[in-house]
Amino acid sequence: MISTQAWADARRLWDYHQMGHTPRPCSVAIGLGSHDLGVADTAVDLYKQGMAPLIVFTGATSPTTQERMPRGEAVHYRERALELGVPSSAVLVEPNARNTGDNIKFSRALLEEAGVQVTSVLLISKPYEERRAYATACKLWPGIKFVSASTPMTFDEYVDSIQDAHLVIDMLVGALQRLLIYPEQGFMISQPVPDDVREAYERLCRHGFTSRLLATNP
C-alpha cells in the first residue's frame, strides 16, 4: 500500500518536474524518445497548431522499449506522426540517442547538418521529464530559447495510464535525483529545488521508492 503521505509527496514532485511553459511558435519541435507514444501525439498536436514547422524525433531503443519499439523510438514516433497526417517532409529522425544528453546533442547536429536555422526549440517529453529535458538542453545548447511541453494530464491520469503507481513514483524520484546531482557532473544547468520538494524526495527515498536511483547517496 502507498501511504497518504507518499501520494502527497509524489504529487509535489510531479508538480515540480513540470515547467508550466505556455507553448509558443518555435523554430523546431524535438520529441524525446521513450516508451510513451504520447510524446509523438503531443508533437503532432503542436505541429498542427502551428507551433513548429518541423519535428525531430530522437531516440534509439532501451530495455523498456526494445519489445514495443523494435525499430527504435524515433522511428516509431515518426510512423505515428505520419499516421496522424504529418507530411514526411516535416519529420526528421535521429535514431541513435540513448539518454537525454544524446537527444539534445544528436538533434542539434542533425539540424545543423540539414541547414535548419534554430533560435528556439519546443522540447517535448514525458510530463515528469520536462524539467530534466529543459535543464539538459540549456546546458548543451546555449543561446537557444527552450519551451518545455508534454501531454497535458494530471498525476492521477498519468498513474492510470501506466497502471503501476509504484513505478511512476520511482520514476519521479529518479528524475529528481538527477536534477540534484547532474549539474555538478556537467550534464545540465542547476535549478533551485524548493525545500518542500527536497523533503518530499527524501521521504520517498526512505520509504523505498528507489528503483530508478543512480548508485550514489540519494
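Just so it is clear, the model here is predicted, and its values are computed rather than measured. Both backbone and side-chain heavy atoms feed into the values below; hydrogens, waters and symmetry mates do not.
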I need the minimum non-hydrogen distance between [X] and [Y], along with the two atoms involved.
X    : Y    : answer
P70  : T61  : O-CG2, 4.3 Å
P95  : A74  : CA-CB, 4.5 Å
I2   : A165 : CD1-CB, 3.7 Å
G33  : N103 : N-ND2, 4.4 Å
L172 : F155 : CD1-CE1, 3.7 Å

Count the heavy atoms of every other residue, nucleotide or ligand shown that sit under 6.0 Å from [atom1] of [X], and state whether that count exceeds 12.
X    : atom1 : answer
H35  : NE2   : yes
K145 : NZ    : no
D164 : CG    : yes
E184 : CD    : no
Q163 : CD    : yes

Pair [X], [Y]: side-chain N/O donor-acceptor within cut-off below 3.5 Å:
X    : Y    : result
Q5   : D9   : yes
S150 : Y158 : no
S125 : E130 : no
T58  : E94  : yes
T100 : T136 : no

Problem set entry | E79 and V93, any side-chain heavy atoms less than 4.5 Å apart | no
Problem set entry | 4.5 Å side-chain heavy-atom contact, M153 and P127 | yes
Indicate if [X] and [Y] have the same hydrophobic cluster label, given that clusters are the connected sets of ILVMFWY residues with side-chain heavy-atom separations under 4.5 angstrom.
X    : Y    : value
V44  : V28  : no
I104 : V39  : no
V116 : V147 : no

Problem set entry | Geometric class of the F187/Y182 ring pair [parallel <30°, tilted 30-60°, perpendicular >60°] | perpendicular
Problem set entry | salt_bridge(E202, R198) N-O dist < 4.0 Å | no
Problem set entry | Full working for side-chain hydrogen bond (donor to acceptor under 3.5 Å, both in side chains) between R131 and Q18 | CA-CA 6 Å; R131 189 173 293 275; Q18 297 194 321; over 6 Å; no
Exercise. Hey, do the aromatic rings of Y134 and H21 have their centres closer than 6.0 Å?
Worked result: yes
Exercise. Checking side chain to side chain contact (heavy atoms under 4.5 Å, CB included) for the pair D196/R12: CA distance, chi angles, key distance, verdict?
Worked result: CA-CA 8 Å; D196 63 333; R12 189 167 286 108; 3.5 Å; yes
